[in-house]
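Presented below is the structure to which this report refers.
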Amino acid sequence: MAATVIWGNELASKFREEMKLELEGLKKEGIEPGLTVVIVGEDPASKSYVKAKSKACEQIGIRSKVIELPADTTEQELVTIVQSLNKDETVHGILVQLPLPKQIREEVIIETISPEKDVDGFHPTTIGKMLTGQDTFFPCTPFGIVKMVQSQNIPIEGKHVVVVGRSNIVGKPVGQLFLNENATVTYCHSRTKNLKEITRQADILIVAVGRIHMITAEYVKEGAVVIDVGVNRKDDGKLTGDVDFASVEPVASYITPVPKGVGPMTITMLLHNTIKAARLLEQKERIS
């Protein structure tokens with residue numbers, strides 16, 4: 001029996017409709033969430049992501065602004081811009097699009113963003129809160145993955161989650177979010193021995209390595225939930241994932257496609273975090 005496909009684009013549309021209603025209520029209270037995205041340079045993939053984020057904000061009613069900077073922008077110039085956005089009361093969320101040019105250290109910029117406006121969920125303070133089970137802004141892709149699994153009423157508690165990939169953006173935080181939901185989590189990476197033996201133990205297998213069709217049916221346990229985070233471009237220009245969908249789909253119980261899988265949920269969780277930031281900042285101002 002073929003797997004149930006979890007269509008992230010359909011789920012994202014449902015969440016965004018709910019957010020639209022929430023925003024209408026917020027605007028009646030005089031709260032208008034605002035997101036500012038900063039992009040440095042002309043990377044085509046980054047420009048495409050930023051365009052998609054702006055469009056999503058516009059569709060549901062979040063004010064969005066894009067600051068475009070030349071590729072030769074210095075680290076200090078970018079720090080100064082982020083610091084000014086931290087002080088701007090009309091900006092609730094700040095997102096600096098990664099990757100940055102080599103003259104700018106990403107960790108410096110991430111740490112400059114106020115944790116109260118860190119809607120990407122990358123600041124060390126934010127990550128620390130996530131690790132200790134506190135309420136915070138969860139990184140958007142991992143958060144979207146948890147929401148996709150929960151949307152299908154798939155049990156997480158006590159299940160074995162195997163994450164292939166250990167990036168700071170997806171691999172590490174997604175494992176932590178599932179740990180917070182009482183799963184048992186194993187991380188695999190390029191140095192892992194006997195990868196196939198470990199992935200075949202997974203009740204929920206999350207793949208985020210950026211290698212085209214790396215995971216085939218022989219890596220997957222019968223009935224596993226398979227989440228494909230990879231976005232790779234084939235020779236014909238079409239997008240595909242890290243999972244060989246055709247061979248894995250008959251083995252899995254649930255599977256996400258590429259495209260129209262995890263990607264739309266990432267932007268949806270960014271919108272969620274921006275609305276949350278606006279609520280929290282407005283509450284803080286009222287108390288003070």
Side-chain angles (χ1 to χ4, degrees), residues 35 37-41 43 45-46 49-50 53 75 78-79 82 93-149 161-181 183 185-192 195 198-199 204-211 214-215 227-232 241-242 256 258 261-263 265-270 272-274 276-277:
L35 172 70
V37 179
V38 184
I39 179 169
V40 185
D43 180 68
S46 290
Y49 287 139
V50 168
K53 287 165 184 170
E75 184 176 279
L78 183 52
V79 164
V82 171
I94 301 167
L95 187 153
V96 178
Q97 184 65 43
L98 305 178
L100 290 166
K102 60 181 182 297
Q103 76 273 16
I104 303 174
R105 291 168 292 172
E106 287 183 0
E107 66 273 17
V108 170
I109 303 308
I110 289 167
E111 289 178 29
T112 302
I113 296 169
S114 165
E116 294 180 336
K117 299 187 178 189
D118 175 34
V119 289
D120 241 347
F122 294 160
H123 193 285
T125 298
T126 311
I127 297 292
K129 284 186 171 182
M130 181 185 72
L131 283 167
T132 51
Q134 297 178 60
D135 185 39
T136 189
F137 301 115
F138 298 136
C140 301
T141 300
F143 191 20
I145 291 166
V146 172
K147 288 287 188 187
M148 290 177 91
V149 172
V161 174
V162 175
V163 181
V164 186
R166 54 175 169 178
S167 74
N168 292 334
I169 291 173
V170 179
K172 289 177 189 173
V174 79
Q176 184 60 47
L177 287 183
F178 276 96
L179 186 64
N180 290 358
E181 296 291 331
V185 180
T186 302
Y187 290 95
C188 298
H189 45 80
S190 57
R191 309 286 172 86
T192 299
L195 177 66
I198 299 169
T199 59
I204 300 171
L205 178 61
I206 300 164
V207 190
V209 285
R211 280 179 57 193
M214 176 187 168
I215 299 296
I227 308 291
D228 188 354
V229 192
V231 180
N232 311 287
D242 292 350
T256 62
V258 177
V262 172
M265 288 299 291
T266 297
I267 293 178
T268 303
M269 293 303 102
L270 172 68
H272 168 92
N273 282 350
T274 303
K276 181 175 180 172

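Along the sequence shown, residues are numbered consecutively beginning with 1.
- Put simply, CD1 on Ile145 and CE on Met265 are 9.5 Å apart, with the number rounded to the nearest 0.5 Å.
- Without hydrogens or angle criteria, Asn232 side chain to Gly241 main chain gives a donor-acceptor distance under 3.5 Å.
- Across Leu179 and Ala183, no two heavy atoms sit closer than the pair CD1-O, 3.6 Å.
- The minimum heavy-atom distance between Ile127 and Pro139, with the atom names listed, is CD1-CG, 4.3 Å.
- Here the OG1-CD1 distance, from Thr141 to Ile227, works out to 12.5 Å after rounding to the nearest 0.5 Å.
- The CE atom of Met269 lies 13.5 Å from the CG atom of Asp120; values are rounded to the nearest 0.5 Å.
- Judged by distance alone, the side chain of His189 and the main-chain N or O of Gly165 form no donor-acceptor pair under 3.5 Å.
- Distance check, rounded to the nearest 0.5 Å: CD of Glu75 to CD1 of Ile104 gives 7.0 Å.
- For Phe137 and His123, the gap between ring centers reaches or exceeds 6.0 Å.
- When all heavy atoms of Val119 and Cys140 are compared, the pair lying nearest together is O-SG, 3.5 Å.
- Remark: the Thr132 side chain and the Gln134 side chain contain an N/O donor-acceptor pair separated by less than 3.5 Å.
- We find the CG-NZ distance between Leu177 and Lys172 to be 14.5 Å, quoted to the nearest 0.5 Å.
- Here the side chain of Asp228 pairs a donor or acceptor atom with the backbone of Gly230 at under 3.5 angstrom.
- For Thr126 (side chain) and Phe122 (main-chain N/O), no donor-acceptor pair under 3.5 Å exists by modelled atom type.
- The minimum heavy-atom distance linking Gly171 with Val163 is given by the pair O-CG1, 3.7 Å.
- Remark: the backbone N or O of Gly210 is paired with a side-chain donor or acceptor of Asp242 at under 3.5 angstrom.
- Salt-bridge annotation for Asp135 and Lys276: present, with a side-chain N of the basic residue lying under 4.0 Å from a carboxylate O of the acidic one.
- For the side chain to side chain contact (heavy atoms under 4.5 Å, CB included) criterion with Leu100, the lone passing option out of Ile109, Ile110, Ile39, Asp43 is Ile109.
- Atoms NZ and CG, from Lys117 and Leu35 in turn, are 11.5 Å apart once rounded to the nearest 0.5 Å.
- The two residues Arg166 and Ser190 have their closest heavy-atom pair at NH2-OG, 4.0 Å.
- Of all heavy-atom pairs between Val162 and Ile198, the closest is CG2-O, 3.8 Å.
- Side chain of Asn273 to main chain of Gly121: no donor-acceptor pair is present (N/O by atom type, distance under 3.5 Å, no hydrogens or angles).
- Using modelled atom types, no side-chain atom of Thr192 and backbone atom of Leu195 make a donor-acceptor pair closer than 3.5 Å.
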